[in-house]
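All values below were derived from every heavy atom in this structure, side-chain atoms included, with hydrogens, water molecules and symmetry-related copies excluded. Note that the structure is a prediction, hence the values are computed from the model and not measured. Just so we're on the same page: letters track the sequence lines, and every chain starts at 1.
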Number of protein chains: 2
Amino acid sequence: MTEQTPLRPTRQRVAVAEALASVDDFRSAQEIHDLLGRRGEPVGLATVYRTLQRLADAGEVDLLRTEDGEAVYRRCSTTHHHHLVCRGCGATVEVEGPAVERWTRSIAGEHGFTDVSHTLEIFGTCRSCSASPATD
Amino acid sequence: MTEQTPLRPTRQRVAVAEALASVDDFRSAQEIHDLLGRRGEPVGLATVYRTLQRLADAGEVDLLRTEDGEAVYRRCSTTHHHHLVCRGCGATVEVEGPAVERWTRSIAGEHGFTDVSHTLEIFGTCRSCSASPATD
DNA sequence: AGAAACGATGAGAACGATTGTCAAATCGCC
DNA sequence: GGCGATTTGACAATCGTTCTCATCGTTTCT
Ligand SMILES: [Zn+2]
Ligand SMILES: [Zn+2]
Ligand SMILES: [Zn+2]
Ligand SMILES: [Zn+2]
């Protein structure tokens with residue numbers, strides 16, 4: 001349906017994908033851009049943005065917004081899931097909750113809503129962060 | 001604890017609060033600012049931003065981020081709840097789900113996370129919007 | 001009342017994330 | 001080896017939001 005032109009695996013796109021694969025938490029476009037620069041395979045900022053958007057649209061990476069609205073991306077499993085994210089270090093755990101899925105669908109149905117989607121993120125302080133006060 | 005100086009009910013603050021009370025869906029700071037302007041009681045944009053933040057901090061309004069990261073506010077009930085929002089017209093329904101609350105807490109606990117909070121929003125197309133194709 | 005003290009306001013500058021522009025580089029293919 | 005289509009990246013432009021700071025309104029002395 002929303003069929004795209006098959007995208008080309010350019011050096012830049014590969015680099016962005018690898019950068020994402022090499023970290024385990026959510027990163028912003030700027031962070032990826034910096035990471036790549038430091039790593040010696042510079043990719044233009046605009047290209048990083050474009051690539052991340054494509055990946056997100058294609059469902060290959062998850063996108064979420066930090067509390068101050070910044071977009072951050074993460075390479076995740078492809079099945080539907082949610083995230084448990086540490087506010088301190090960003091450590092992320094993918095979680096699933098069939099009951100929640102059912103609940104959102106049914107409550108939306110009760111109110112006559114169709115074409116339903118949802119966002120659900122859980123934030124907290126992970127074990128190691130509650131041990132060490134904060135390396136700020 | 002996070003005790004603030006008791007804020008003063010200035011004309012501007014009252015106006016912002018009334019504007020929020022007069023609508024039933026989520027609105028951005030800019031929208032509130034425009035609304036007030038049109039309504040004949042102009043309030044500086046910076047003041048609108050400041051006021052909305054205060055209200056949100058005080059828990060008197062709910063804040064959420066649109067898909068493109070913009071902050072939008074709504075006067076809501078003061079108990080913990082979530083939202084069912086129409087992507088077409090913005091119509092909003094407050095919903096509660098004790099089971100979800102329990103689930104998030106327990107899953108976070110299982111992973112050793114403490115100090116847990118969460119966000120959960122449901123989006124869909126409301127009855128009247130699925131009837132009329134879209135006034136775009 | 002008059003003055004100091006202090007919070008509150010608003011016009012405009014500053015900011016930071018994101019997107020747009022467009023000429024130059026790269027690729028697929030003949 | 002050339003050509004049109006795609007992609008890139010330096011840079012400008014946008015846009016929501018925050019900051020600055022001179023000014024204003026209240027409250028609190030005196
Ligand atoms: Zn994920
Ligand atoms: Zn889900
Ligand atoms: Zn609400
Ligand atoms: Zn909840």
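Atom CD in A:E31 sits roughly 14 Å away from atom C1' in C:dG16 (whole-Å rounding). Atom CG of B:D68 is separated from atom P of D:dT17 by 10 Å (rounded to the nearest Å). Residue B:L45 contributes atom CG, which lies 18 Å from atom P of C:dA8 at whole-angstrom precision. If you take NE2 of A:H33 and P of C:dT18, they are 13 Å apart, rounded to a whole angstrom. Straight-line distance from the CZ atom of B:R27 to the P atom of D:dG16: 16 Å, rounded to whole Å. Distance, B:L36 CG to C:dT9 C1': 14 Å, rounded to whole Å. Going from atom CD1 of B:I32 over to atom C1' of C:dG10 covers 18 Å, rounded to whole Å. For B:Q12 and C:dG10, the CD to P distance is 4 Å, given to the nearest whole Å.
Aromatic pair A:F26/A:H83: ring centres closer than 6.0 Å. Checked against the 6.0 Å centroid threshold, B:H82 and B:H118 count as a close aromatic pair.
For A:Q30 and C:dG16, the shortest distance from a side-chain N or O to OP1 or OP2 is not below 4.0 Å. For A:T10 and D:dT8, the shortest distance from a side-chain N or O to OP1 or OP2 is below 4.0 Å.
Checking D:dG9, C:dG12, C:dT18 against every side-chain atom of B:A46, the shortest atom distance belongs to C:dG12. Counting only heavy atoms from C-beta on, A:T47 has its side chain closest to D:dG9 among C:dG10, D:dG9, C:dT26. Listed nucleotides: C:dT21, C:dA8, C:dT9. Nearest to the side chain of A:R50: C:dT21. Nearest nucleotide to the A:Y49 side chain, out of C:dA17, D:dT17, D:dT8: C:dA17.
Among the protein residues, B:Q53 comes within range of the sugar-phosphate backbone only, with heavy atoms under 4.0 Å from sugar or phosphate atoms but none that close to a base. Within 4.0 Å (heavy atoms only), A:R13 reaches sugar-phosphate atoms of the nucleic acid but no base atom.
For A:D62 and A:R75, the salt-bridge test fails: no basic side-chain N is under 4.0 Å from an acidic carboxylate O.
Where B:V72 and A:R11 each meet DNA chain D at their nearest nucleotide, the meeting point lying more 5' is that of A:R11.
In the model, A:T51 has no side-chain atom that pairs as donor or acceptor with a side-chain atom of A:Q12 under 3.5 Å.
Between B:T47 atom OG1 and B:R13 atom CZ the span is 8.5 Å, to the nearest 0.5 Å.
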